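Accompanying notes for the structure given below.
Please read all numbers here as calculations on a predicted model, not as lab measurements.
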Amino acid sequence: MSLQRSDFKNSISEKKIPILITIAFFLITSYVAGFHHDYWIIDHDGQIYLHAGEQILAGNGENVKLYNVPIGGPVIYASLNLLFDDGFNLLKSISVLCASGAVFFSYFIFKNIFNRKIALVGQLFFAFNPWLGYFAIQAENELLPIFLIAISFYYITKKELKLRDIVITGIMLGIASTIRFQTIVVLITFITFLILQSRNIRQNFFYVGIILLIFLIILSPLIFYNYTT
């Protein structure tokens, strides 16, 4: 019992600094987004996607043409905006929360690959990345898929992969691909990694089949929608 308590305390202590870094990033970006970015400036893409999602939910999807993104993000944002009725602040809040979540998971991704010290340095580099800070305060479409991809990276980089990890990875990549098609590049990278990650060829290809199946199941509503419209 005492060993379990000791392990629990060590686990909490180990996560203190990554959590503090995440909280600091969240507070800073929230302040900048809330008090220094109070109207649409260069984030008109977010405005376009929000209105496109509203038109799709209203049943006018055949008149909506988005040439550089799928409809997943617009529909998610428009659905949430039915509750909040403040699209600009809603999209900014999603950006801040997703960027903060990505900062948090970055520590555990690095820790899965390297060690705790390198993970802390890696998290700090990620948190201080100027592009991340820039997009974290914008009412844009960029950070939600990055957050989902960060979650998938955490699960796929575990030292001992289990079926649950593969399923979660497939779900996260599937949802992210409905927001940004570039996620397919990440999927191809993961498939290559799974094929080469161990000498158990049968298990490797089983995992590849599972991740592809889950990915296609999640993506299938988007494919069906595109086909029918």
Side-chain angles (χ1 to χ4, degrees), residues 22-106 126-153 171-187 215 218-219 221-226 229:
T22 303
I23 291 173
F25 179 90
F26 171 77
L27 292 175
I28 293 170
T29 52
S30 296
Y31 170 76
V32 176
F35 294 98
H36 296 280
H37 181 38
D38 51 2
Y39 57 91
W40 303 95
I41 303 176
I42 60 172
D43 36 14
H44 295 302
D45 281 356
Q47 195 174 20
I48 293 170
Y49 299 151
L50 179 63
H51 291 328
E54 291 171 344
Q55 289 299 308
I56 291 170
L57 292 181
N60 300 321
E62 292 183 357
N63 298 321
V64 175
K65 303 296 181 184
L66 295 171
Y67 296 101
N68 58 346
V69 294
I71 65 164
V75 169
I76 291 172
Y77 306 140
S79 299
L80 291 173
N81 200 40
L82 293 175
L83 299 175
F84 296 98
D85 195 25
D86 186 356
F88 178 60
N89 285 311
L90 171 66
L91 264 66
K92 284 196 301 180
S93 299
I94 291 173
S95 293
V96 169
L97 290 171
C98 289
S100 302
V103 168
F104 178 73
F105 274 99
S106 67
F126 189 73
F128 281 101
N129 185 302
W131 283 110
L132 181 68
Y134 173 76
F135 282 109
I137 64 172
Q138 303 293 329
E140 284 277 8
N141 190 46
E142 313 301 329
L143 271 300
L144 180 54
I146 288 176
F147 172 61
L148 296 171
I149 290 170
I151 296 175
S152 69
F153 262 102
I171 291 173
M172 294 298 106
L173 291 182
I175 298 173
S177 68
T178 67
I179 304 170
R180 284 289 187 186
F181 279 132
Q182 290 88 338
T183 307
I184 294 175
V185 176
V186 180
L187 174 67
F215 179 86
I218 300 296
L219 191 62
L222 175 64
I223 296 172
F224 178 77
Y225 173 84
N226 286 342
T229 57

**Message:** Working to the nearest 0.5 angstrom, can you tell me the gap between Ile71 CD1 and Thr229 OG1?
**Reply:** 7.0 Å
**Message:** Please report the interatomic distance CD1(Ile137) to CG(Leu132), rounded to the nearest 0.5 Å.
**Reply:** 11.0 Å
**Message:** Are Leu66 and Pro74 packed together at the side-chain level, in the sense that at least one heavy-atom pair is separated by less than 4.5 angstrom?
**Reply:** yes
**Item:** Whether Ser152 side chain and Leu173 backbone form a donor-acceptor pair below 3.5 Å
**Value:** no
**Message:** Ignoring hydrogens, what is the shortest heavy-atom contact between Ser100 and Thr29? Give both atom names and the distance.
**Reply:** OG-OG1, 4.4 Å
**Fill in**
Here the pair of heavy atoms bringing Met172 nearest to Leu148 is CB-O, 3.5 Å
**Asked** Is Asp45 close to Val69 at the side-chain level, that is, under 4.5 Å between some pair of heavy atoms?
**Response** no
**Message:** Can you see whether Asp86 engages Asn89 through a side-chain donor-acceptor pair at a distance of less than 3.5 angstrom?
**Reply:** yes
**Prompt:** To the nearest 0.5 Å, what is the distance between CG (Leu57) and OH (Tyr77)?
**Reply:** 13.5 Å
**Within-4.5 Å side-chain heavy-atom neighbours: Tyr49 and Ile179** = no
**Fill in**
For Ser30 and Val96 the tightest heavy-atom approach is OG-CG1, 3.4 Å
**pair Leu219-Thr178: side-chain heavy atoms closer than 4.5 Å** = yes
**Fill in**
Between the CZ atom in Phe88 and the CD atom in Gln138, the distance rounded to the nearest 0.5 Å is 8.0 Å
**Prompt:** Taking C-beta and beyond as the side chain, do Ser95 and Phe135 meet within less than 4.5 Å on heavy atoms?
**Reply:** no
**Asked** Val103 and Phe26: side chain to side chain contact (heavy atoms under 4.5 Å, CB included), yes or no, with the steps?
**Response** CA-CA 9 Å; Val103 168; Phe26 171 77; over 6 Å; no
**Message:** If you define the side chain from C-beta out and look only at heavy atoms, does anything of Arg180 sit under 4.5 Å from Asn141?
**Reply:** yes
**Asked** What distance separates Leu83 CG from Asp85 CG, expressed to the nearest 0.5 Å?
**Response** 10.0 Å
**Message:** Quick one, Phe105 and Phe147 - any side-chain contact, counting heavy atoms below 4.5 Å?
**Reply:** yes
**Phe25 versus Ala136, closest heavy-atom pair with distance** = CZ-CB, 4.1 Å
**Message:** Run the side chain to side chain donor-acceptor pair (under 3.5 Å) test against Tyr134 and tell me which residues pass, sequence neighbours left out.
**Reply:** none
**Prompt:** Just how far is it from atom CD1 of Ile149 to atom CG of Leu144, taken to the nearest 0.5 Å?
**Reply:** 10.0 Å
**Asked** Side chains of Ile94 and Leu80: does their closest heavy-atom pair fall under 4.5 Å?
**Response** yes
**Request:** Measure across Glu54 and Ala78 and return the closest heavy-atom pair with its distance rounded to 0.1 Å.
**Result:** N-CB, 3.4 Å
